[in-house]
S.K.: 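Structure below; questions to follow.
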Amino acid sequence: MTNKTDFVEIFSGLSSVMFQKNLITVTQTGEGENAANTVSNILPDFDLPVEVDTFNFEQSEPDIQHFKIIGLQSDWATQANIGDTTLALNIPATDDSLLKAFWGDDAVKAVTATKDGASFEGNALTLKKKQIKGSIILMNEAQDKLLILRSVVLYATPVYGDTGTKPFEVKLNGSIANDGGDDILFLKKTV
């Protein structure tokens with residue numbers, strides 16, 4: 001029997017949430033006992049400033065179908081569909097590179113303005129639906145473990161409601177988009 005103290009390998013304490021536009025890949029080399037899997041191209045584009053307690057990733061419970069027959073109380077057959085995954089996080093930033101990543105280059109343009117003799121410059125954002133594909137890379141507090149959501153699809157929405165205590169934020173919502181590869185990677189530093 002495997003003892004509970006043997007299951008001490010955990011991922012806990014988040015120190016960094018990174019986003020990579022290009023999907024992280026897992027490549028198998030060799031076959032049988034000589035097979036090895038290599039994770040390549042972990043090259044994040046952004047270390048995102050995520051609001052504390054807004055990062056959430058989970059899979060809902062499976063949808064279970066029960067098939068019964070006359071004369072038996074228990075299931076004759078049981079089938080299930082796995083639950084949907086959801087991912088959400090808030091990013092308190094209006095940097096043009098993030099706005100372009102979340103809404104597209106054509107949705108962001110530089111603008112200038114004047115008010116009461118003062119000059120202002122910044123960005124104009126055109127809200128539109130844009131599917132954001134990539135990988136989410138999470139680093140633990142000790143910076144010796146990574147949890148990677150390898151293939152995600154996200155959509156951005158602006159949020160500015162609690163104006164007394166919170167800045168303008170970009171909320172990202174989405175899920176894992178299975179492309180036939182691995183969904184979640186658990187990695188630990190070896191050197």
S.K.: Go through the structure and list residues passing side chain to side chain donor-acceptor pair (under 3.5 Å) with Ser40, not counting sequence neighbours.
M.R.: Thr25
S.K.: Give me the other members of the hydrophobic cluster that Ile42 sits in, counting Ile, Leu, Val, Met, Phe, Trp and Tyr linked by side-chain heavy atoms under 4.5 Å, directly or via other members.
M.R.: Met18, Ile24, Val26, Val39, Ile137, Met139, Leu146, Ile148, Leu185, Leu187
S.K.: Take a 6.0 Å sphere around CG of Asp162 and say whether it holds more than 12 heavy atoms from other residues, nucleotides or ligands.
M.R.: yes
S.K.: Check which hydrophobic residues are tied to Ile64 through side-chain heavy-atom contacts below 4.5 Å, counting indirect links as well, and list them.
M.R.: none
S.K.: My understanding is that a hydrophobic cluster links ILVMFWY residues whose side chain heavy atoms are under 4.5 Å apart, including indirect links. Using that, what else belongs to the cluster containing Phe67?
M.R.: Ile69, Leu72, Trp76
S.K.: List the residues meeting salt bridge (charged side-chain N to carboxylate O under 4.0 Å, His left out) with Lys109, not counting sequence neighbours, and say none if there are none.
M.R.: none
S.K.: Got a sec: does the CD of Gln79 have more than 12 other heavy atoms crowding it under 6.0 Å?
M.R.: no
S.K.: Examine distances only and state if a side-chain atom of Thr86 and a backbone atom of Ser175 form a donor-acceptor pair shorter than 3.5 Å.
M.R.: no
S.K.: Restricting to salt bridge (charged side-chain N to carboxylate O under 4.0 Å, His left out), what partner residues turn up for Asp106, sequence neighbours left out?
M.R.: Lys128
S.K.: Please list, chain by chain and in numerical order, all residues satisfying side chain to side chain donor-acceptor pair (under 3.5 Å) with Ser97, sequence neighbours excluded.
M.R.: Asp95
S.K.: How close do Phe11 and Leu147 get, heavy atom to heavy atom, and via which atoms?
M.R.: CE1-N, 3.6 Å
S.K.: Look at Asp75 together with Lys68 and state whether they make a salt bridge at an N to O cut-off of under 4.0 Å.
M.R.: yes
S.K.: By the side chain to side chain donor-acceptor pair (under 3.5 Å) test, which pairs, at least two apart or in different chains, include something from residues 114-125?
M.R.: none
S.K.: Do Glu169 and Tyr160 have side-chain N/O donor and acceptor atoms under 3.5 Å apart?
M.R.: no
S.K.: Might you confirm whether atom CD of Gln28 has over 12 heavy atoms from other residues, nucleotides or ligands at distances under 6.0 Å?
M.R.: yes
S.K.: Kindly write out the residues that satisfy salt bridge (charged side-chain N to carboxylate O under 4.0 Å, His left out) with Lys166, not counting sequence neighbours, or none if the list is empty.
M.R.: Glu51
S.K.: The criterion is salt bridge (charged side-chain N to carboxylate O under 4.0 Å, His left out); which residues satisfy it with Glu9, sequence neighbours excluded?
M.R.: Lys145, Lys188
S.K.: Could I get the full list of side chain to side chain donor-acceptor pair (under 3.5 Å) partners for Glu58, not counting sequence neighbours?
M.R.: Asn56
S.K.: Side-chain contact, heavy-atom cut-off 4.5 Å: Ile136 with Leu138?
M.R.: yes
S.K.: Can you classify the ring geometry of Phe19 versus Phe46 as parallel (below 30°), tilted (30 to 60°) or perpendicular (above 60°)?
M.R.: parallel
S.K.: Asp84: what forms a side chain to side chain donor-acceptor pair (under 3.5 Å) with it, not counting sequence neighbours?
M.R.: none
S.K.: Can you tell me which residue among Leu125, Thr94, Val170, Leu127 is in a side chain to side chain contact (heavy atoms under 4.5 Å, CB included) with Pro158?
M.R.: Leu127
